[in-house]
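Below is one structure, written out as structure tokens; the observations come after it.
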Amino acid sequence: MHDLTTLSGDDSVERVRRLCQARNPLQRHIVEGLGIADLHLTVGAVCVYHVFVETAVKRWKDRHSSGCGFGRVPAG
């Protein structure tokens with residue numbers, strides 16, 4: 001499993017939405033090039049600042065049938 005994380009000071013709703021589109025954490029050609037296709041990497045968690053949790057959860061549910069964990073990090 002792989003975590004998707006964005007904790008930039010300039011994060012935006014759109015950046016979080018794009019992050020949550022990722023069903024597979026690595027592009028197919030990278031996985032094949034590394035010879036790790038048999039690992040079947042998936043997203044285990046999405047980590048964002050607390051103000052973006054609702055956006056992340058909604059986007060994930062809109063795009064994916066399976067769940068994943070969501071982590072929130074307080075700003076500051």
Side-chain angles (χ1 to χ4, degrees):
M1 288 198 180
H2 187 81
D3 292 346
L4 301 177
T5 302
T6 183
L7 298 173
S8 297
D10 63 346
D11 276 344
S12 65
V13 168
E14 189 55 37
R15 180 178 288 161
V16 171
R17 288 173 50 97
R18 281 194 313 269
L19 178 75
C20 291
Q21 288 181 175
R23 178 70 175 147
N24 297 310
L26 297 174
Q27 295 177 2
R28 184 175 191 83
H29 74 278
I30 294 172
V31 170
E32 290 171 356
L34 293 172
I36 58 173
D38 58 326
L39 296 178
H40 304 288
L41 296 176
T42 59
V43 175
V46 175
C47 301
V48 295
Y49 283 123
H50 68 283
V51 297
F52 297 113
V53 170
E54 185 177 337
T55 299
V57 171
K58 181 177 180 351
R59 184 61 167 178
W60 187 267
K61 286 181 179 179
D62 287 349
R63 302 277 301 179
H64 311 291
S65 59
S66 64
C68 78
F70 289 87
R72 64 184 172 95
V73 177

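All residue numbers in this chain count up from 1 along the given sequence.
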- Hits for side chain to side chain donor-acceptor pair (under 3.5 Å) against E32, two or more places apart or cross-chain, chain-then-number order -> R28
- Item | Atom of L7, atom of Y49 and distance for their closest heavy-atom approach | O-OH, 3.2 Å
- If every non-hydrogen atom of A56 is compared with every non-hydrogen atom of V48, which pair is closest and at what distance? CB-CG2, 4.3 Å
- Task: Report the distance from atom CZ of R17 to atom CH2 of W60, rounding to the nearest 0.5 Å.
- Result: 14.5 Å
- Item | Non-neighbouring partners of D38 that pass side chain to side chain donor-acceptor pair (under 3.5 Å), sequence neighbours left out | none
- Query: Do L26 and I36 touch side chain to side chain, with heavy atoms closer than 4.5 Å?
  - Reply: yes
- Heavy-atom distance under 4.5 Å between the side chains of L19 and R59, does that happen here? no
- Correct closest heavy-atom pair for V13 and F52 would be N-CE2, 3.6 Å
- Item | Results of side chain to side chain donor-acceptor pair (under 3.5 Å) for R18 - residues two or more places apart only | none
